[in-house]
Amino acid sequence: MASTNPARGTRDFLPADIRKREYVIGIIKEVYESYGFEPLETPAFENLETLTGKYGEEGGQLMFKILKRGEKLDIANAKKVADLADLALRYDLTVPLARVVADKRDKLPKFFKRYQIQPVWRADRPARGRYREFYQCDVDSIGSTSPLVEAELISAAAEIFERLGFTDYVFRLNDRKRLSKMVSDAGIEASLETDAMVALDKLDKIGEEGVLNELQARGISREAAGRFLSFAKDPEAAPQSETIAKVVSLLRSSDRIKDDPSLARGLSYYTGMIIEVNVPDLPGSLAGGGRYDGLIGMFGKEQIPACGISLGLERILVVMDERGMFPPEVADSTPADVMVTVLDEETAAETIKLAAELRAAGLRVTVYPDADKLGKQLKYADSLKVPYVCVLGESELAEGKVTLKDLRTGEQESLERENAIKKLGAAIRWKA
RNA sequence: GCGGCUAUAGUUCAGUGGUUAGAGCGCCUGAUUGUGGUUCAGGAUGUCGAGGGUUCGAAUCCCUCUAGCCGCCCCA
């Protein structure tokens with residue numbers, strides 16, 4: 001038998017999963033909209049040349065490339081990847097945004113604030129909380145170098161975490177320019193700057209001693225490595241960042257914002273502030289971002305400054321699941337408020353009519369499809385956790401009534417149709 | 001990319017060379033011909049991941065492949 005697993009590193013989202021995802025995405029959209037960010041969507045795939053060279057060497061390897069089609073596909077004479085593939089699946093949301101901005105500058109506002117919630121694909125090896133298809137929720141502000149941009153992005157992201165019910169998140173802030181100064185002040189050669197940052201990025205994971213060893217392994221002297229690390233450990237000792245000071249002064253003072261000179265972040269396109277959001281019980285981050293004033297210029301047109309934050313939807317969902325942070329109507333979602341029974345094929349038309357009346361009253365109504373025994377129908381309703389059942393059989397039809405049963409209490413009563421509809425409408429509205 | 005573990009009913013798992021492969025949960029039927037969630041009685045369900053090998057005999061031992069999980073590397 002062929003495997004019925006979804007492709008490696010991908011997932012099927014069952015109804016309960018979707019309810020949770022939509023709840024979180026709904027809050028993210030609401031908050032971003034309230035800050036004046038506008039939605040953007042870009043294609044699932046891009047021209048290969050749009051994406052190549054934007055993510056460093058590693059990134060290129062992890063891109064899902066799409067084979068050329070028809071006559072253009074000449075496997076026998078292909079010498080390099082570009083001979084075989086001409087398209088690739090979206091690898092992140094930032095580069096497509098940069099392309100859109102470079103391409104449609106004239107159609108976009110001078111300061112373009114956009115959010116984008118779409119899947120991206122990476123041909124990575126899957127691991128816990130890591131997939132080959134996953135969603136990113138990006139929010140970016142294009143066109144201004146003002147620290148007000150950073151402050152607003154941080155403020156919006158913080159509001160999202162508050163609304164979702166997080167009480168222990170921390171925003172760590174650092175500055176790429178300050179990191180460069182830390183490198184030079186420590187006496188590390190400029191050519192080893194990237195190595196120093198890659199090693200520093202692992203501080204949480206491998207500890208101080210581990211970072212010192214890694215710095216030395218990358219050709220940095222013990223003394224320089226020690227000085228570098230002492231800056232990283234102490235915001236007072238480290239060179240001061242004007243940007244961080246300005247951004248912090250613009251935000252309402254909060255112990256959730258932390259100046260952290262040890263924060264590095266992998267991506268090479270950041271040019272100024274870098275941001276990461278952490279919670280204590282998760283090794284990685286819930287969100288990350290920073291300023292990238294050079295990326296849009298890579299498309300060869302105008303150099304336009306930009307800054308953004310990306311929320312890690314999958315990780316937010318994992319933490320919320322583990323902590324039971326979903327409200328009951330999301331965690332215990334049901335497909336309908338009420339189910340209407342069918343006891344006889346002859347009366348099915350009446351069942352459909354009643355269902356339509358209930359829907360007109362604003363209820364979510366499902367109809368049992370077969371004329372099975374009543375016990376079976378009730379059992380089914382119970383398995384769906386539908387709270388109410390309308391029993392509509394011969395005896396009810398003869399009297400022009402309907403039997404309304406509350407599956408949670410087991411109570412039931414025989415009511416005139418319009419009373420049953422009124423009562424259900426009130427019960428469900430009360431709940432909502 | 002490297003190392004380790006796993007694959008048996010719908011599902012979670014037991015079964016270390018010997019008849020006809022088991023259990024919990026779930027599912028179906030009945031007690032209850034129109035009343036679920038509890039209970040009781042009964043019932044169905046397997047290419048033992050795929051392919052090859054060893055053996056009188058393989059779910060069990062060996063090899064290959066595939067898939068899943070856990071570390072490392074890297075990343076969100």
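Reminder, nothing fancy here: chain letters follow the sequence lines and each chain counts from 1.
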Taking atom P in both B/G52 and B/U60, what distance in whole Å separates the two?
-> 14 Å
Nucleotide forming a Watson-Crick or wobble pair with B/C65, both distances under 3.5 Å = B/G49
Atom NZ of A/Lys376 to atom P of B/G30: distance rounded to whole Å?
-> 9 Å
Considering only the C1' atoms, how many Å lie between B/A58 and B/G53, rounded to the nearest integer?
-> 11 Å
With sequence neighbours excluded, what pairs up with A/Phe37 under the ring-ring contact (aromatic ring centres under 6.0 Å, His included) test?
-> A/Tyr32
With P as the reference atom in both, quote the distance from B/C69 to B/G30 in angstrom, rounded to an integer.
-> 41 Å
Pairwise P distance for B/A9 and B/G46, with rounding to whole Å | 11 Å
Any luck finding a side-chain donor-acceptor pair between A/Gln116 and A/Thr42 under 3.5 Å?
-> yes
Nucleotide B/C69, atom C1' - distance to CZ of A/Arg8 in whole Å | 10 Å
Between A/Tyr35 and A/Ser155: side-chain donor-acceptor atoms closer than 3.5 Å = yes
Picking from B/C75, B/U35, B/G34, which would you name as closest to the side chain of A/Lys405?
-> B/U35
If you look at every strand shown and take non-hydrogen atoms under 4.0 Å, does A/Tyr131 touch a base, only sugar-phosphate, or nothing?
-> base
Between A/Thr347 and A/Glu394: side-chain donor-acceptor atoms closer than 3.5 Å | no
Remember a base hit wins even if backbone is also touched, and classify A/Gly288 as base, sugar-phosphate or nothing at under 4.0 Å, heavy atoms.
-> nothing
Ring-on-base stacking between A/Phe134 and B/A76, under 5.5 Å between centres and under 30° between planes: is it there?
-> yes
Across all strands shown, which nucleotide pairs with B/G17 by Watson-Crick or G-U wobble geometry, both distances under 3.5 Å?
-> none
Compute both the distance and the angle, then confirm whether A/Lys54 meets the cation-pi test with A/Tyr91: under 6.0 Å from the six-membered ring centre, within 45 degrees of the axis.
-> no
Assess the side chains of A/Arg218 and A/Gln216: does a donor N or O sit below 3.5 Å from an acceptor N or O?
-> no
Should B/G43 form a Watson-Crick or G-U wobble pair with both distances under 3.5 Å, which nucleotide is its partner?
-> B/C27
Please figure out whether A/Pro126 or A/Val198 has its closest RNA chain B nucleotide nearer the 5' end.
-> A/Pro126
Could you check whether A/Arg125 gets within reach of a base, just the sugar-phosphate, or nothing at all, counting any heavy atom under 4.0 Å?
-> base
Atom CG of A/Leu384 and atom P of B/G37: how far apart are they, to the nearest Å?
-> 15 Å
Is any side-chain N or O of A/Asp382 under 3.5 Å from a base N or O of B/G37, one able to act as donor and the other as acceptor?
-> no
Pairs involving residues 307-324 of chain A, ordered by first then second residue, that meet side-chain hydrogen bond (donor to acceptor under 3.5 Å, both in side chains) (sequence neighbours left out) | A/Arg11-A/Glu314, A/Lys20-A/Asp321, A/Arg21-A/Glu314, A/Arg128-A/Glu322, A/Asp138-A/Ser310, A/Asp168-A/Arg323, A/Asp281-A/Arg323
B/A76 C1' sits how many Å from A/Arg11 CZ, rounded?
-> 12 Å
B/G36 C1' sits how many Å from A/Gln377 CD, rounded?
-> 11 Å
For A/Ser395, answer base if it contacts any base atom (sugar-phosphate contacts may also be present), sugar-phosphate if it contacts only those atoms, and nothing otherwise; contact means non-hydrogen atoms under 4.0 Å.
-> base
Using a heavy-atom cut-off of under 4.0 Å over every strand shown, decide if A/Val391 touches base, sugar-phosphate, or nothing.
-> base
Taking CD from A/Glu214 and C1' from B/C72, how many angstroms apart are they, rounded to a whole number?
-> 13 Å
Atom C1', compared across B/U6 and B/G26: separation rounded to whole Å | 24 Å
Do A/Ser383 and B/G36 share a donor-acceptor pair, side chain to base, under 3.5 Å?
-> no
Do NZ/NE/NH1/NH2 and the carboxylate oxygens of A/Arg417 and A/Glu350 come within less than 4.0 Å?
-> yes
RNA chain B: A/Leu286 or A/Asp406, which has the more 5' nearest nucleotide?
-> A/Asp406
Can you tell me the distance, in whole Å, between the NZ atom of A/Lys379 and the P atom of B/A31?
-> 14 Å
Answer with base, sugar-phosphate or nothing: what part of the nucleic acid does A/Gly393 contact at a heavy-atom distance below 4.0 Å?
-> base
For atom C1', what is the distance between B/A59 and B/A14, given to the nearest Å?
-> 12 Å
Under 3.5 Å donor-acceptor pair, A/Gln412 side-chain atoms to B/U35 base atoms = yes
Quick note, A/Arg130 side chain, CB onward, closest among B/G36, B/C74, B/G34 is B/C74
Whole-angstrom distance between B/C48 and B/A7, as gauged at atom C1' | 10 Å
Assign A/Glu411 to base, sugar-phosphate, or nothing according to its heavy-atom contacts below 4.0 angstrom with the strands shown.
-> nothing
Nearest-Å distance, NZ (A/Lys202) to C1' (B/C73)?
-> 8 Å
In the structure shown, which nucleotide is the Watson-Crick or G-U wobble counterpart of B/C2, with both distances under 3.5 Å?
-> B/G71
Taking the P atom of each, how far is B/A44 from B/U29, in whole Å?
-> 15 Å
